[in-house]
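What follows is a set of notes on a single structure, which appears directly below.
Only heavy atoms go into these numbers, but all of them, side chains included; no hydrogens, no water, no symmetry mates.
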Amino acid sequence: MTVDVCELVRLRSHRPEAIAEAAARRTRRPLLNDNGRLMIVAADHPARGALGVGGRSLAMANRADLLERLCLALSRPGVDGVLATADILDDLLLLGALDGKVVLGSMNRGGLQGARFELDDRFTGHRPEDIERLGFDAGKLLLRIDYDDPGSLTTLESTARAIDDMAARRLPVFVEPFISRRDETGRLRNDLSAEAVTRSIAIASGLGGSSAYTWLKVPVTDNPDDMAEVMAASTLPAVLLGGEVGDDQDGAYEKWRGALQLPTVRGLVVGRSLLYPADGDVAAAVDTAVGLL
């Protein structure tokens, strides 16, 4: 699909109500199909100022290019849906790309990449009432915990209340937890050791007044062989996240393949590594990931 930016801008300028109309007529589906697996393409990075892919610091800055990559990914067999912020989902609604797809609204994007307040990750994206009003299927939130940063406590509390609000609406919410630390340069790093990921899962699983609608979105640990023990920390259903783009894409696929066999792991939520693969072949990258399921 070639995205007509002029037409998108015309609709946004002259008929902003077209977005709500597109959401109202969108064909919906269950969160899980008969196979019980979930393959979601993620594109909520730009709203946190995270535009880089590999060595390209502004790779995701061209919105038309990103939308074309998303439409291609969503058209591939086995892709269930998309995770994004309102601006991107609104464009995809206008493009008619979300019919029959699972739509996840990204809820907290206030922890801007590289900011001093990065761990005070305010809920600046979709609210539970927005997800309900638009007929979307779930929400997603990011929970990074640094034991040395008081901002993490604010995020913990607001995360718990968001889980409560989603559960009250019987809407699933995908919680992406990390134990994080700042390195000697002040840059925030996520700890992917088995102990840290286990601890983050235990903390996230206990948030809110009900876990009935809580899912986990978890990374594969530094040593993939640790994943069986790590995932034993909770009975909540989980999906694997894709992480940073690296040179060894085949190695990443193998990490996912093993973890996908664990009983609580129900699928993948992957973004940049599929939308911006090193060889540029989005369709092939998506098809390979789908094949792992």
Side-chain angles (χ1 to χ4, degrees), residues 22-44 70-71 73-86 88-90 92-93 96-108 125-143 159 162-177 201 204-205 207-219 231 234-242 256 259-271 274 286 289-293:
R25 65 174 178 265
R26 182 178 74 90
T27 303
R28 298 185 63 179
R29 50 152 279 183
L31 181 69
L32 295 176
N33 279 329
D34 292 340
N35 65 3
R37 296 298 223 174
L38 201 57
M39 175 70 208
I40 301 293
V41 179
D44 59 342
L70 279 168
C71 288
L74 286 166
S75 73
R76 303 306 298 173
V79 174
D80 293 293
V82 63
L83 158 66
T85 46
I88 293 174
L89 293 181
D90 289 347
L92 292 174
L93 282 168
L98 299 182
D99 282 341
K101 298 297 180 181
V102 171
V103 181
L104 279 66
S106 187
M107 302 176 73
N108 62 327
H126 286 100
R127 301 167 300 174
E129 55 262 43
D130 298 321
I131 295 170
E132 181 180 49
R133 170 177 52 83
L134 291 163
F136 291 162
D137 305 290
K140 172 260 178 180
L141 58 87
L142 176 62
L143 175 63
T159 294
I163 290 171
D164 288 339
D165 288 345
M166 291 292 281
R169 292 170 168 82
R170 299 185 179 183
L171 286 169
V173 58
F174 289 70
V175 180
E176 181 180 352
I201 288 173
S205 298
L207 291 175
S210 171
S211 65
Y213 293 90
T214 305
W215 285 59
L216 298 173
K217 181 172 179 273
V218 298
M231 296 309 297
S234 175
T235 58
L236 298 184
V239 292
L240 305 177
L241 63 92
W256 298 340
L260 283 165
Q261 307 309 310
L262 298 172
T264 61
V265 178
R266 311 310 301 160
L268 288 166
V269 178
V270 187
L274 298 187
V286 171
V290 169
L292 300 177
L293 299 175

When rounded to the nearest 0.5 angstrom, what distance separates [atom1] in [X] from [atom2] in [Y]?
X	Y	atom1	atom2	answer
Leu268	Arg37	CG	CZ	8.5 Å
Leu89	Ile131	CG	CD1	9.5 Å
Ile40	Leu74	CD1	CG	9.0 Å
Leu83	Leu104	CG	CG	5.5 Å
Arg169	Glu129	CZ	CD	5.5 Å
Asp80	Leu293	CG	CG	8.0 Å

- With sequence neighbours excluded, tell me which residues meet side-chain hydrogen bond (donor to acceptor under 3.5 Å, both in side chains) with Lys140.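 Expected list: Asp44, Glu176.
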For the student: nearest non-hydrogen atoms of [X] and [Y], plus distance:
X	Y	result
Ala162	Leu141	CB-CD2, 4.1 Å
Asp137	Arg28	OD1-NH2, 3.0 Å
Gly242	Val270	CA-CG1, 3.9 Å
His126	Gly105	ND1-CA, 3.3 Å
Ala289	Met39	CB-CE, 4.0 Å
Pro177	Pro219	O-CD, 4.4 Å

- Item | Under 3.5 Å: donor-acceptor pair, side chain of Arg29, backbone of Leu31 |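 Side chain of Arg29 to backbone of Leu31: a pair is present.
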- Do side-chain atoms of Lys217 reach the backbone of Leu142 as a donor and acceptor pair under 3.5 angstrom?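 Answer holds: no.
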- Quick one: do Arg127 and Asp165 satisfy salt bridge (charged side-chain N to carboxylate O under 4.0 Å, His left out)? Show the steps, please. CA-CA 9 Å; Arg127 301 167 300 174; Asp165 288 345; over 6 Å; no
- Task: Go through the steps for Val82 and Lys101 under the test side-chain contact (heavy atoms from CB on, under 4.5 Å), then give the verdict.
- Result: CA-CA 8 Å; Val82 63; Lys101 298 297 180 181; 5.8 Å; no
Hey, can you pull the donor-acceptor pairs under 3.5 Å for the side chains in residues 208-216, sequence neighbours left out?
unit_1: Ser210; atom_1: OG; unit_2: Ala212; atom_2: N; d: 3.1

- Message: With a 4.5 Å cut-off on side-chain heavy atoms, are Leu143 and Leu207 touching?
- Response: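 Leu207 reaches Leu143 side chain to side chain.
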- Who pairs with Val265 by side-chain contact (heavy atoms from CB on, under 4.5 Å), at least two apart in sequence or on another chain?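 Once residues adjacent in sequence are excluded, the partners of Val265 under the side-chain contact (heavy atoms from CB on, under 4.5 Å) criterion are Met231, Leu240, Leu260, Leu262.
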